[in-house]
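Structure first, commentary second.
The chains referred to below are lettered A, B, ... by the order of the sequence lines, with proteins before strands, and numbering in each begins at 1. Here the structure is a predicted model, which means the values were calculated and not measured.
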There are 2 protein chains.
Amino acid sequence: MIIDRDNGVPYYIQLMELLRKQIAAGILQEGQRILSEVEMGKVYRINRHTVRQAIDELCRLGELYKIRGRGTFIAKALLDTVEYQLSAKNRFTENIKKIGATPSTKILQTNEIIAPEKVRKALDLDHDERVYFHYVQRSINERPFLIGQAFLPVKYFLNALPYLNVLESMSEFYAKYNINYERAKSTIQAVFPTKEEALLLDIPRNMPVLKVKKLMKSQTGIMIAYGISCYRSDVAELSISW
Amino acid sequence: MIIDRDNGVPYYIQLMELLRKQIAAGILQEGQRILSEVEMGKVYRINRHTVRQAIDELCRLGELYKIRGRGTFIAKALLDTVEYQLSAKNRFTENIKKIGATPSTKILQTNEIIAPEKVRKALDLDHDERVYFHYVQRSINERPFLIGQAFLPVKYFLNALPYLNVLESMSEFYAKYNINYERAKSTIQAVFPTKEEALLLDIPRNMPVLKVKKLMKSQTGIMIAYGISCYRSDVAELSISW
DNA sequence: ATCGATTTGTCCGTATGTATT
DNA sequence: AAATACATACGGACAAATCGA
């Protein structure tokens with residue numbers, strides 16, 4: 001494999017294709033370090049900056065990632081997409097088991113806070129009203145799939161912290177308080193992740209996420225919870241039925 | 001405004017922020033050409049390549065765009081997001097009028113084709129079965145919002161071409177054939193657009209789109225239509241209620 | 001239709017800074 | 001502390017696309 005000097009195709013494009021082929025062929029594997037910029041320049045007889053152009057582009061596409069001082073690495077291969085049913089009552093654990101995969105949940109944070117502006121508006125709370133904040137990372141086959149934040153007004157869920165700390169599913173939780181959350185409204189956007197979201201989902205900043213905001217109401221029309229979830233766009237295919 | 005040589009912030013980052021401020025302040029306006037790379041280098045006393053780094057990054061973020069031989073231009077300002085109700089029966093025109101904006105539809109193509117693989121599977125059609133293909137671009141206030149492809153089995157919609165060519169809304173169309181499409185299932189993904197999609201939506205290739213696939217069934221359970229729509233992720237916020 | 005000026009695209013070379021090992 | 005690796009920045013050169021004289 002060598003760079004063709006005369007075919008008019010830019011060297012960096014040729015190098016990109018070359019690296020891609022090596023990844024596809026399994027010569028370069030997930031997590032493996034590739035040659036340094038200088039080394040690769042020597043091997044293919046092109047300037048370091050030209051190598052950088054190719055590598056930068058592949059990083060942008062999420063196929064490589066760089067760590068300053070350490071090197072450039074092959075990004076994780078994509079998973080197959082998972083069709084994930086959104087509904088008024090969506091149970092992550094059940095949904096995933098149904099497709100024969102292994103779900104897991106890591107609780108990142110649970111505490112009681114003053115409702116932030118957006119939550120206050122969504123749930124129509126008074127100033128200074130308190131909510132429980134429940135922050136989880138959910139994975140499929142040990143690979144991060146979504147991160148979810150839930151905001152639950154304290155007034156409806158008294159002394160909930162102990163429960164939230166050991167919680168596996170939200171449905172279970174609502175059942176404890178005899179609350180029916182029959183109706184719900186969700187909005188879905190495609191956005192780029194924050195640094196924290198990218199970290200927790202193990203994706204590059206340039207890979208979009210599906211951001212789902214959900215408002216849940218009881219049968220009587222009281223807004224009882226607000227949630228914001230981020231799904232990995234390379235894995236999640238949200239599904240809705242009517 | 002000048003580049004600070006000593007604050008440790010990379011020059012190209014400083015230049016990015018500087019350009020952004022000028023855009024935000026309206027000094028640089030939509031579609032306007034900015035200084036050439038060489039000129040900008042002279043003005044801010046930095047190398048052309050450093051200028052390029054800043055400009056490339058802003059292009060990547062969709063704030064600028066370049067045309068070789070002509071120059072670099074300010075990208076179109078983003079619209080406010082539009083909350084767009086997805087439901088079994090979703091009427092674009094009505095939805096948009098409701099929020100006080102002006103909807104418009106451009107029919108890109110209508111014809112009769114042999115059902116492609118994916119459509120055949122989705123609609124459970126026989127080999128070589130024919131479908132009408134209906135391809136539209138829908139805009140809000142003259143700005144592209146979505147492009148939609150619909151596939152309708154010929155056997156359920158005889159002689160539909162004349163209707164499809166002058167169609168404003170799909171609901172109207174179904175009504176003509178006395179078909180109730182009560183039930184539906186949609187899936188939603190965030191993906192990067194193809195070149196054609198990016199062109200029709202007037203977005204850069206690096207801005208994700210919301211891809212919605214929709215399967216419609218009649219009351220009797222017959223699958224009567226399949227559709228694929230691409231929504232601009234910077235404008236569309238899909239909304240679902242239960 | 002041609003030519004020249006302008007502008008972005010590609011490529012090379014070198015030097016220095018910063019993070020990691 | 002030294003070596004290695006990526007990040008930033010400067011310089012120059014030529015190619016390719018565009019536009020106007």
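- Closest to the side chain of A:Gln53, out of D:dC6, D:dA9, C:dC11, is C:dC11.
- Of the side-chain N and O atoms in B:Arg70, one or more sit less than 4.0 angstrom from OP1 or OP2 of D:dC19.
- Listed nucleotides: C:dC11, C:dT8, C:dT21. Nearest to the side chain of B:Glu37: C:dT8.
- Aromatic rings from A:Phe145 and A:Tyr231 are positioned such that their centres are separated by under 6.0 Å.
- Not one side-chain nitrogen or oxygen of A:Asn47 sits closer than 4.0 Å to the OP1 or OP2 atom of C:dC11.
- We find that B:Glu94 and B:Lys97 are not joined by a salt bridge, their nearest charged nitrogen and carboxylate oxygen being 4.0 Å or further apart.
- Proximity of B:Thr50 to the phosphate of D:dT8: no side-chain N or O atom is located under 4.0 Å from OP1 or OP2.
- For the OP1/OP2 pair of C:dT10 and a distance below 4.0 Å, the side-chain nitrogens and oxygens of A:Tyr11 include no atom meeting the criterion.
- In this entry the distance linking CZ of A:Arg5 with P of C:dC11 reads 9 Å, nearest Å.
- For the pair A:Arg5 and A:Tyr11, the cation-pi test (distance below 6.0 Å, angle within 45°) is passed.
- The phosphate of C:dT7 (OP1 or OP2) has no side-chain N or O of B:Thr72 nearer than 4.0 angstrom.
- At a cut-off of 3.5 angstrom, counting only N and O atoms as typed in the model, there is a donor on one side and an acceptor on the other between the side-chain of A:Arg48 and the base of D:dA7.
- Side-chain proximity of A:Tyr12 to the nucleotides C:dT10, C:dT8, D:dA9 is greatest for C:dT10.
- Judged by closest nucleotide on DNA chain D, A:Leu35 is the one of B:Gly69 and A:Leu35 placed further toward the 5' end.
- Counting atom types as modelled, B:His49 pairs no side-chain N or O with a base atom of C:dT10 as donor and acceptor under 3.5 Å.
- When Watson-Crick and G-U wobble pairs are counted only if both distances are under 3.5 Å, C:dT7 pairs with D:dA16.
- Of the candidates C:dG9, C:dC12, D:dA9, the closest approach to any side-chain atom of B:Pro10 belongs to D:dA9.
- To the nearest angstrom, C1' of C:dC11 lies 17 Å from CZ of A:Arg45.
- Between B:Ile34 and A:Ile13, the one whose closest nucleotide on DNA chain C sits nearer the 5' end is B:Ile34.
- Under the 6.0 Å cut-off for aromatic ring centres, A:Phe151 and A:Tyr132 do not qualify, their centroids lying 6.0 Å or more apart.
- In this structure a side-chain-to-backbone donor-acceptor pair under 3.5 Å is present from B:Asn7 to B:Val9.
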